[in-house]
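Just below is one structure, and these are the notes that go with it.
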Number of protein chains: 2
Amino acid sequence: MARTTGSHSDITGPRLRQAALELFAAHGFAAVSMRQIAARVGVQAGALYNYTPDKQTLLFNLMQDHMLELLDAFRDDPDAPPPQRLAHFVRFHIQYHFDRPDAVFISYMELRNLSPENFTAIETLRRAYENKLEAILSAGVARGDFTVQDPKIASFAVIAMLTGVNTWFKSGGRLTLGDVQARYWDMVRNCVGAG
Amino acid sequence: MARTTGSHSDITGPRLRQAALELFAAHGFAAVSMRQIAARVGVQAGALYNYTPDKQTLLFNLMQDHMLELLDAFRDDPDAPPPQRLAHFVRFHIQYHFDRPDAVFISYMELRNLSPENFTAIETLRRAYENKLEAILSAGVARGDFTVQDPKIASFAVIAMLTGVNTWFKSGGRLTLGDVQARYWDMVRNCVGAG
DNA sequence: GTCTATATAGTGATAGAC
DNA sequence: GTCTATCACTATATAGAC
């Protein structure tokens, strides 16, 4: 029973989010029109404005939710040995980002299309995530577990390296994601001098 | 003497390229109009079509020239010891990318906006660059200089890590670019197990 | 809540005068 | 080679009917 009009609030909201995520990731925020999104959702363009005040806010909410969920999902144990905490970060980051390629891609690529206030908000969240890794590295350096010179720079280097997995890894090839996690853990461990 | 009309072919061409580079990097290809570019160049929009058949070709040429210049600028010595070749790659990559932030940014971010044929052409050039690093790593593994398990994956990891410098480094801060090059060389050397 | 219709503005690209 | 003017479309967002 394909209704073409009427009330669908409980399904249109999530469908809008999903459609926007996919289309923004595939073509870029500026290249996607509200009409294209509406077509994928299965409504007319005007109906989308029951769910978002404008296109900019739609983008911001996608990015903000992604960052908040990322921060919430990463569980660090400050009392565990730093090498163990770092190993967990590496495996977590690769797995979490692999599971959400569209949200990850948008949150990297569309920063330019945020209004200044929205940009600042997202950058603050991103920095909070980077700081979690930096804290692990600093703790390890303080205890003599790691020999890396500059934990701040090392945190940038490690995150860039790990996020890069999304640009080339496809499941079904010669390596499983577990293989990739193991190889990156080897490289990261060496990188920070964790014997 | 500010001429507002007439023949400027020798200056408009370069100015178009530079204006497009800056605007695409700042706002994204899809978000920038030919009129905006023309305004920065100092001509009317119609005049741009004396220099490019269309907007898509303009983007493609910027990216292709960047990749060709990158490939041409990197000088590897296959007879040198792999650790020395790797050290050179690290320093070169950081310096070259730091000097061309706009072209680098575009060549990463605007792949989605290329036509399929143009995308393939740019990807081929990018792969050629990655292969240069992989060749160094493989040579080092063969000689026992490096212990990295998988040179292909390591080349992705190293390039992602090095390119990431452009997202955070600003000159005039606590570190010079030379400092950054030294710290990344330390990390890369450790990463691939080059004692 | 979704529809149709529309206001207002902007888009890439082209034609022809100079 | 650049200009002005324009074509044919598309954009975001809103108003009011249902």
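From a predicted model like this one, the values you see are computed outputs, not experimental measurements. Convention: sequence-line order gives letters A, B, ...; per-chain numbering from 1.
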Mark yes or no for a side-chain to base donor-acceptor pair under 3.5 Å between B:Arg35 and C:dG12, with no hydrogen or angle criteria applied. yes
Using atom [atom1] of [X] as one end and atom [atom2] of [N] as the other, report the distance to the nearest whole Å.
X: A:Arg15; N: C:dG1; atom1: CZ; atom2: P; value: 16 Å
X: B:Gln36; N: C:dA9; atom1: CD; atom2: P; value: 17 Å
X: B:Leu23; N: C:dG12; atom1: CG; atom2: P; value: 12 Å
X: B:Met34; N: D:dA11; atom1: CE; atom2: C1'; value: 18 Å
X: A:Tyr51; N: C:dC3; atom1: OH; atom2: C1'; value: 13 Å
X: B:Ile37; N: C:dG10; atom1: CD1; atom2: P; value: 17 Å

Less than 4.0 angstrom between a side-chain N/O of [X] and OP1 or OP2 of [N], yes or no?
X: B:Thr12; N: D:dT2; value: yes
X: A:Tyr49; N: C:dT2; value: no
X: A:Gln44; N: C:dT2; value: no
X: B:Ser33; N: C:dT11; value: yes

Between B:His97 and B:Thr163, do the side chains contain a donor N or O and an acceptor N or O under 3.5 Å apart? no
Answer yes or no: is there a side-chain heavy-atom contact under 4.5 Å between A:Glu110 and A:Phe105? no
For residues B:Phe74 and B:Lys132, determine if any side-chain heavy atom of one lies less than 4.5 Å from a side-chain heavy atom of the other. yes
DNA chain D: 5'-proximal contact among A:Lys55 and B:Ala47 (nearest heavy atom): B:Ala47
How do A:Pro53 and A:Ala31 order along DNA chain D: which one's closest nucleotide is nearer the 5' end? A:Ala31
Please say whether the positively charged group of A:Arg126, taken as NZ for Lys or CZ for Arg, lies over the ring of A:Tyr108, i.e. under 6.0 angstrom from the six-membered ring centre and within 45 degrees of the axis. yes
Side chain of A:Val43, heavy atoms from C-beta onward: which of D:dG1, C:dC3, C:dG1 has the nearest atom to it? C:dC3
Under 4.0 Å, heavy atoms only, any strand: does B:Val41 hit a base, just the sugar-phosphate, or nothing? nothing
Tell me if the aromatic rings of A:Phe89 and A:Tyr129 count as close, with their centers under 6.0 Å from one another. yes
